[in-house]
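Notes follow the structure.
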There are 2 protein chains.
Amino acid sequence: MHSYTEENYLKALFNLSAEKGEVSPNEVSKQLGIKMPTVNSMMKKLAEKKLVIYESYKPIRLTEKGKKEAGLIIRKHRLTEMFLVQQMGFGWEEVHEIAEQIEHLQSPVFFEKMDALLGYPKIDPHGSPIPDKTGKMEWIKYEKLSSCKAGDTVKLAAVIHTTDDFLKFLNQRGLQLGLKLKIKRVEKFDGSMEVGYTKNPSEVLSHTVCERLLVERV
Amino acid sequence: MHSYTEENYLKALFNLSAEKGEVSPNEVSKQLGIKMPTVNSMMKKLAEKKLVIYESYKPIRLTEKGKKEAGLIIRKHRLTEMFLVQQMGFGWEEVHEIAEQIEHLQSPVFFEKMDALLGYPKIDPHGSPIPDKTGKMEWIKYEKLSSCKAGDTVKLAAVIHTTDDFLKFLNQRGLQLGLKLKIKRVEKFDGSMEVGYTKNPSEVLSHTVCERLLVERV
DNA sequence: GTAATAACTTAGATTAATCTAACAAATAAA
DNA sequence: TTTATTTGTTAGATTAATCTAAGTTATTAC
């Protein structure tokens with residue numbers, strides 16, 4: 001359908017515009033590590049194909065068609081991550097790079113098989129929602145750990161900004177999805193938190209970390 | 001390392017030159033569905049990279065380096081086919097197309113994991129040997145069914161020229177690897193054979209089919 | 001052994017995706 | 001509000017992979 005390259009732009013646009021619904025060429029350029037003039041001409045091309053709405057000096061917006069296409073690529077990415085973890089035994093910090101490649105495969109049966117083998121999962125190994133077959137995706141309304149208070153007990157539901165380093169950091173501390181955390185103390189001046197959980201009665205997490213952990217109340 | 005395109009040329013060269021050790025540009029052109037001038041310039045490029053030996057109006061030969069690279073791609077292809085059949089439940093007629101894409105992924109860990117999960121298989125689902133980690137591959141010396149005689153009992157060991165149609169033909173007749181066949185009759189004038197096996201006491205196979213089935217004596 | 005055919009090569013054009021250099025517009029700072 | 005900075009655009013070049021058209025070399029057929 002679309003080229004490998006176009007798919008990567010669509011994905012970047014989808015992720016970057018998630019909050020505001022629009023992105024600047026500059027952001028896309030930085031995200032993909034591609035120079036602005038290249039982004040510019042690609043946006044013209046995607047606009048031709050009715051995947052984005054784009055006018056000079058105005059922000060870029062995905063069309064409905066563009067959102068759908070992007071959602072379907074992200075679906076393939078997240079299904080793949082789930083497959084790599086659940087069926088192949090990879091760690092959650094290892095799967096992103098592989099999924100970046102597999103997401104571009106053109107083979108509906110392959111992804112349908114994955115989906116079926118996994119029992120039609122709704123989330124990926126990091127707790128991010130897997131878009132449905134129409135490309136639509138919805139985040140469950142989790143709270144950030146950073147917005148919780150001392151005394152709260154919560155369950156780790158998702159991780160955002162999942163770089164390999166961050167995931168390894170969590171691995172080292174035995175922090176995984178589903179883990180029940182008791183918030184023991186919140187440091188006012190820097191927002192760091194002391195939490196306790198099964199394997200570790202006292203762990204201090206920086207504000208930056210707490211901002212990246214999404215939790216459910218228990 | 002090499003581009004997707006280069007990899008496809010290497011694979012084609014490997015397969016086409018398997019018997020004689022050399023190929024003509026014309027054969028490559030037909031195999032890949034690419035016009036001769038394109039093949040010509042790609043051969044110059046691969047010669048630059050020391051992957052092939054090529055001089056005008058002479059046949060093309062892979063260098064040792066070229067054979068190794070090609071072998072490693074075929075390794076990835078066949079490991080993938082095995083994975084798709086054994087771990088994901090695909091039929092042997094469905095896997096080629098998917099493997100054509102996955103073989104180009106750049107992720108050693110991914111293929112190592114596959115290999116391990118499969119128990120380091122030596123053959124793919126069609127009985128073709130999987131090259132080792134150095135790209136080397138050896139065919140076990142099977143016999144063609146067509147070279148057997150009435151009264152022989154053999155075991156189906158591999159299938160060659162495995163088009164989807166042919167594999168579906170075999171599926172319909174319950175012919176699968178490992179199956180024990182008794183040769184009941186060989187028709188002299190057209191080389192067709194009547195064979196019997198568990199599910200089917202009498203099946204007539206054309207000479208063309210018998211040429212594509214490799215067997216071991218039992 | 002020449003002529004016809006097939007195979008091969010060269011030359012030059014095209015498309016996709018990228019870049020740099022230079023210019024234009026919008027935003028931020030003074 | 002003028003200037004400086006950042007952001008965005010245009011123009012033109014580059015590389016990889018392809019093509020068509022035209023010419024060249026081998027091979028096959030007579």
Side-chain angles (χ1 to χ4, degrees), chain A residues 1-14 16-17 19-62 66 69-70 73 100-101 103-106, chain B residues 1-14 16-17 19-62 66 69-70 73 100-101 103-106:
Chain A
M1 192 85 99
H2 309 294
S3 73
Y4 188 104
T5 309
E6 284 168 347
E7 291 194 348
N8 280 335
Y9 279 91
L10 285 174
K11 201 159 53 103
L13 292 169
F14 190 95
L16 290 169
S17 65
E19 284 149 38
K20 294 191 298 178
E22 50 184 53
V23 222
S24 69
N26 194 31
E27 289 172 287
V28 178
S29 168
K30 279 173 189 157
Q31 170 82 11
L32 293 175
I34 281 171
K35 293 290 186 295
M36 281 224 285
T38 311
V39 172
N40 192 278
S41 51
M42 182 58 81
M43 288 311 116
K44 286 177 183 170
K45 187 178 175 186
L46 295 182
E48 277 292 316
K49 292 194 171 188
K50 306 287 181 201
L51 293 164
V52 304
I53 295 168
Y54 164 68
E55 285 173 277
S56 282
Y57 298 102
K58 286 188 181 168
I60 303 149
R61 276 174 300 136
L62 282 167
E69 302 288 339
I73 298 160
E100 284 284 315
Q101 299 184 55
E103 71 191 5
H104 299 292
L105 300 192
Q106 300 298 325
Chain B
M1 190 87 99
H2 308 293
S3 73
Y4 188 104
T5 309
E6 285 168 347
E7 291 195 347
N8 280 335
Y9 278 91
L10 285 174
K11 202 160 52 101
L13 291 170
F14 190 95
L16 290 170
S17 65
E19 283 149 39
K20 293 192 297 177
E22 49 184 54
V23 223
S24 68
N26 194 33
E27 289 172 287
V28 178
S29 168
K30 279 172 188 158
Q31 170 81 10
L32 293 174
I34 281 171
K35 293 290 185 295
M36 283 225 284
T38 310
V39 172
N40 192 280
S41 52
M42 183 56 82
M43 289 311 115
K44 287 177 181 168
K45 188 177 174 188
L46 295 183
E48 277 292 316
K49 293 194 171 186
K50 306 287 182 201
L51 293 164
V52 303
I53 295 169
Y54 164 68
E55 286 172 276
S56 283
Y57 298 103
K58 285 187 183 172
I60 303 149
R61 274 173 302 137
L62 282 167
E69 301 289 340
I73 299 159
E100 284 284 314
Q101 299 183 58
E103 70 191 5
H104 300 291
L105 301 191
Q106 299 298 325

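Since the structure is predicted, the reported quantities are computational estimates derived from the model, not experimental observations. Quick note on labels: first sequence line is chain A, next is B, and so on, each numbered from 1.
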Side chains of [X] and [Y] in contact at under 4.5 Å (non-hydrogen atoms):
X     : Y     : answer
B/F14 : B/I73 : no
A/V39 : A/L32 : no
A/Y9  : A/V52 : no

Which part of the nucleic acid, if any, lies within reach of [X] when heavy atoms closer than 4.0 Å are counted: base, sugar-phosphate only, or nothing?
X     : result
B/S41 : base
A/Y54 : sugar-phosphate
B/T38 : base
B/S56 : sugar-phosphate
A/K58 : nothing

Roughly, in whole Å, what's the span from [atom1] in [X] to [atom2] in [N]?
X     : N      : atom1 : atom2 : answer
A/M36 : D/dG8  : CE    : C1'   : 5 Å
A/M43 : D/dG8  : CE    : C1'   : 13 Å
A/K44 : C/dT15 : NZ    : P     : 17 Å
B/L46 : D/dA16 : CG    : P     : 12 Å
A/M42 : C/dA16 : CE    : P     : 10 Å
A/I60 : D/dG8  : CD1   : P     : 8 Å
B/E55 : C/dT9  : CD    : P     : 11 Å

Below 4.0 Å: OP1/OP2 of C/dA16 and any side-chain N or O of A/Y9: no
Checking B/N8 now: which residues fulfil side chain to side chain contact (heavy atoms under 4.5 Å, CB included) with it, not counting sequence neighbours? B/Y4, B/K11, B/E103, B/H104
Quick one: list whatever passes side chain to side chain contact (heavy atoms under 4.5 Å, CB included) with B/E6, sequence neighbours left out. B/H2, B/S3, B/M42, B/K45, B/L46, B/K49
Taking the side chain from A/S24 and the backbone from A/P59, do they hold a donor-acceptor pair closer than 3.5 Å?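 Not a single qualifying donor-acceptor pair exists.
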With respect to the side chain of A/N40, which nucleotide from D/dT10, D/dT9, C/dT9 is positioned closest? D/dT9
Closest to the side chain of B/K35, out of C/dT9, D/dT20, D/dT9, is D/dT20
Minimum-distance pair of heavy atoms, taken over all atoms of B/S17 and B/L62: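 So the two residues come closest at OG-CD1, 4.2 Å.
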Return the polar atom pairs (N/O with N/O) between nucleotides 21-28 of chain D and the protein under 3.5 Å, or none.
unit_1, atom_1, unit_2, atom_2, d
D/dT25, O4', B/Y57, OH, 3.4

Expected list for residues 23-34 of chain A near DNA chain C, using heavy atoms below 4.0 Å, is A/I34
Please enumerate all residues that pass salt bridge (Lys or Arg N to Asp or Glu O under 4.0 Å) together with B/K58, with sequence neighbours excluded. B/E55
Just to verify, what does A/E7 make a salt bridge (Lys or Arg N to Asp or Glu O under 4.0 Å) with, not counting sequence neighbours?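 So A/E7 forms no salt bridge (Lys or Arg N to Asp or Glu O under 4.0 Å) with any residue.
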Sequence neighbours excluded - salt bridge (charged side-chain N to carboxylate O under 4.0 Å, His left out) pairs with any residue from residues 20-42 of chain A: none
